[in-house]
Amino acid sequence: MLDSRYVADHLDEVREQLARRGAEFADALDGVASLVSSRRELSRKTELLQGERNTASDAMAKLARSGDKQGMAARRDELKALSERVKGLETDLAGVEAQIEETLLIIPNVPHPSVPDGRTEDENVVVREWGTKPSFSFEPKPHYELGEQLGILDFERAAKLSGARFSVLWGLGARLERALQTFMLDLHTREHGYTEVHPPYLVKAEALRGTSQLPKFEDDLFKTKRSDPDDPSALYLIPTAEVPVTNLHADEILDAAQLPLAYTAYTPCFRSEAGSYGRDVRGLIRQHQFDKVEIVRFAAPEQSLAELERLTLHAEEVLKRLGLHYRVVEHCAGDLGFAATKGYDLEVWLPSQRMYREISSCSVFGDFQARRAKIRYRPEPKGKPRLLHTLNGSGLAIGRTWVAIVEQYQQADGSVLVPEALRSLMGTDRITSR
RNA sequence: GGAGAGGUGACCGAGUGGUCGAAGGUGCUUGACUGGAAAUCAAGUGUACGGGCAACCGUACCGAGGGUUCGAAUCCCUCCCUCUCCGCCA
């Protein structure tokens, strides 16, 4: 969420910055500006009258102590009227504040000045590549064909259980999923300094509001208690570990010395994929449920851009160790996530598609999430609390990593070599038909 | 799910209608004392918004929301959470 006062005081600037995203928020922004000025006026009036009421109330207390029943009776009506006026103003003020919040909650973050222009993902900028495209003496197969032939991947039975966009992994396929969890968590905790977290997979609406999946992207989420969809206490399945992990520090004031905080978490992720009906219908690329190891950092504002580079390298290291060819692209302004102010995608090479596909998204959110979730830190021991900056990235999406390994390491005979780094966890150096 | 108890500042804990942003203690910070430290003594020590160059002042906040009242941390209602016992369960 943007700062309402900043928006009101820098209307044109914010308008221009948001225009880079290719979206129009003119009306909403004007609305915020005028609401902010009526809030100022209203709160001044309210406080003045509250002060009057408090003074009068103290006088009443004195009368009460001196047992002046008559004096009290004489003033009661007058005070009641005053009190009613205060309540009226308080209600109005709360109304204005709610309107400001409501508007601001659906306005995206402004792109950082360093973010390149562009409308769609086609205008993202390739920053660097790592490794080389594997070459094959045969036509490389898609992972879903290989997986089914090897008996490690089963969509038919998944459909029987849960419908489309679910999968069952068998044998070494399941083992590979588990090996990847362990491998990634071990790398981040042992070598990159992250603290491992095991969070809940069901969260309150409040948490989703903190990281900005709500209120705007409710359709993308699975909500529990469907029998009473309006129950405000209904829990949601997490679409990413970002939600529970970032909100760990909601409503907290951290010490500067604690920063940067670095957490990693393995969780399943649940996404309704509403509106993506025709896309990636085959294979593991787009599922309602997938596993992911997430990395999350909390940083002082001055550090956050450098922290983004660091976090991105941590995610990249996973691909390097697995020997998977990939590239890094920077989001153009139009392709930036709702809450992000700058970000990179890691795209892994999929031979069967002859394409780079997103396997990680690393973002810095500035104070956008911190303002929503009220995550602050104290710059100096006695100083005023200040919003910190949040960051996160996939480190990595495990399903897509599984896909990349099967495709990049496939052999002419249909078997799949196990990357060196996973061999001890897998207990084998090759996946063959069972 | 049933019965009971409770949610107060960084922490413990007092406060059952008015002068309570909140006693007392602990912790922390600063000062005094000391060769230094401990102990002791003194002062300070929440967050947000508004005003002021500043000292500081005003307003709100005692789990959340609503109500009663001239006035609520204190009374009433609803919800959330924690603890104890029973039941059930992994």
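The figures here come from the full heavy-atom set of this structure, side chains too, leaving out hydrogens, waters and symmetry mates. Small disclaimer: the values here were computed from a predicted structure and weren't measured. Every chain is numbered from 1, with letters handed out A, B, ... down the list of sequences.
The residue A:D77 sits apart from the nucleic acid: no heavy atom pair falls under 4.0 Å. At the heavy-atom level, A:R40 lies nowhere under 4.0 Å from the strands shown. Here A:R76 lies in heavy-atom contact (under 4.0 Å) with a base. Contact annotation for A:R39: no contact, since no heavy-atom pair falls under 4.0 Å across all strands. At a threshold of 4.0 angstrom between heavy atoms, the contacts of A:K374 with the nucleic acid are absent. Base contact: A:S57 has a heavy atom under 4.0 Å from a base atom. A:K62 comes within 4.0 angstrom of no nucleic acid atom, judged by non-hydrogen atoms across all strands.
When distances are taken from the side chain of A:R5 to each of B:G51, B:C70, B:C49, the shortest belongs to B:C49. With B:C70, B:U59, B:U47 as the candidates, the nucleotide lying closest to the side chain of A:M72 is B:C70. The side chain of A:L79 sits closest to B:C70 out of B:G46, B:U19, B:C70. Side-chain proximity of A:M60 to B:G50, B:G46, B:G18: nearest is B:G18. Closest approach to the A:K384 side chain among B:A48, B:U19, B:U47 is made by B:A48 (side chain taken as heavy atoms from C-beta onward). Distances from the side chain of A:A61 to the nucleotides B:G18, B:C70, B:U59 place B:G18 closest.
Between A:Y201 and A:F270, the gap from one ring centroid to the other reaches at least 6.0 Å.
For the pair A:L93 CG and B:C61 P, the computed distance is 13 Å after rounding to whole Å. At whole-Å resolution of the value, CD in A:E101 and P in B:C49 are 14 Å apart. Distance A:K80 NZ to B:A72 P: 12 Å, rounded to the nearest Å. A:L235 places its CG atom 12 Å from the P atom of B:C80, with the value rounded to the nearest Å. Taking atom CD of A:E90 as the reference point, atom P of B:G71 lies 11 Å away to the nearest angstrom. Atom CG in A:L49 sits roughly 15 Å away from atom C1' in B:A60 (whole-Å rounding). B:G46 atom C1' lies 16 Å from atom CD of A:E252, rounded to whole Å. For A:L89 and B:G50, the CG to P distance is 18 Å, given to the nearest whole Å.
Comparing the C1' positions of B:G66 and B:A14 gives an interatomic distance of 28 Å, to the nearest angstrom. Rounded to a whole angstrom, the distance from the P atom of B:G52 to that of B:U45 is 24 Å. Taking atom P on both B:A42 and B:C80, the two are 48 Å apart, rounded to the nearest angstrom. Taking atom C1' in both B:A23 and B:C89, the straight-line distance is 46 Å, to the nearest Å. Here, B:A60 and B:G24 have their P atoms 23 Å apart, quoted to the whole Å. Nucleotides B:G1 and B:C79 are separated by 12 Å at their P atoms, to the nearest Å. Taking the P atoms as reference points, B:C56 lies 15 Å from B:A22, given to the whole Å. Between the P atoms of B:C86 and B:U47, the separation comes to 44 Å (whole Å).
Identified under the side chain to side chain donor-acceptor pair (under 3.5 Å) test for residues 330-341 of chain A, with sequence neighbours left out: A:N124-A:D335, A:E330-A:K342, A:H331-A:D345.
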Step by step, would you call A:F298 with A:Y263 a ring pair (Phe, Tyr, Trp, His ring centres under 6.0 Å)?
CA-CA 9 Å; A:F298 299 81; A:Y263 297 142; 5.8 Å; yes

Please report the C-alpha distance between A:F155 and A:Y144 in whole Å, then the side-chain angles of each, then the deciding distance to 0.1 Å, and finally whether the ring pair (Phe, Tyr, Trp, His ring centres under 6.0 Å) criterion is met.
CA-CA 9 Å; A:F155 289 109; A:Y144 42 87; 7.3 Å; no

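The base of B:G58 sits with one of its N or O atoms less than 3.5 Å from a complementary donor or acceptor on the side chain of A:E47. A donor N or O paired with an acceptor N or O is not found under 3.5 Å between the base of B:U68 and the side-chain atoms of A:K87.
Nearest-nucleotide mapping onto RNA chain B: of A:G51 and A:P385, the residue sitting toward the 5' end is A:P385.
When the shell of 6.0 Å around NZ of A:K374 is examined, it contains 12 or fewer heavy atoms from other residues, nucleotides or ligands. More than 12 heavy atoms of other residues, nucleotides or ligands shown are found within 6.0 angstrom of CZ on A:R430.
Considering only side-chain N and O atoms, A:N54 lies under 4.0 angstrom from the phosphate OP1 or OP2 of B:A60. Taking side-chain N and O atoms only, A:R376 has no distance below 4.0 Å to OP1 or OP2 of B:U47. OP1 or OP2 of B:A60 lies within a sub-4.0 Å distance of a side-chain N or O belonging to A:R53. Of the side-chain N and O atoms in A:S83, one or more sit less than 4.0 angstrom from OP1 or OP2 of B:G71.
For A:T240, the side-chain hydrogen bond (donor to acceptor under 3.5 Å, both in side chains) partners are A:K292, not counting sequence neighbours. Applying the ring-ring contact (aromatic ring centres under 6.0 Å, His included) criterion to A:H288, with sequence neighbours excluded, gives A:F166, A:F222. For A:D251, there are no side-chain hydrogen bond (donor to acceptor under 3.5 Å, both in side chains) partners, not counting sequence neighbours. Residues passing the side-chain hydrogen bond (donor to acceptor under 3.5 Å, both in side chains) test with A:Y194 are A:R297, A:H314, sequence neighbours excluded.
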In dot-bracket form, how is RNA chain B paired, counting a Watson-Crick or G-U wobble pair only if both its distances are under 3.5 Å and using | for bases paired to another strand?
((((((((.[[[..)..(.....]]]((((((.......))))))((((((....)))))).[[[[[..)....]]]]])))))))....

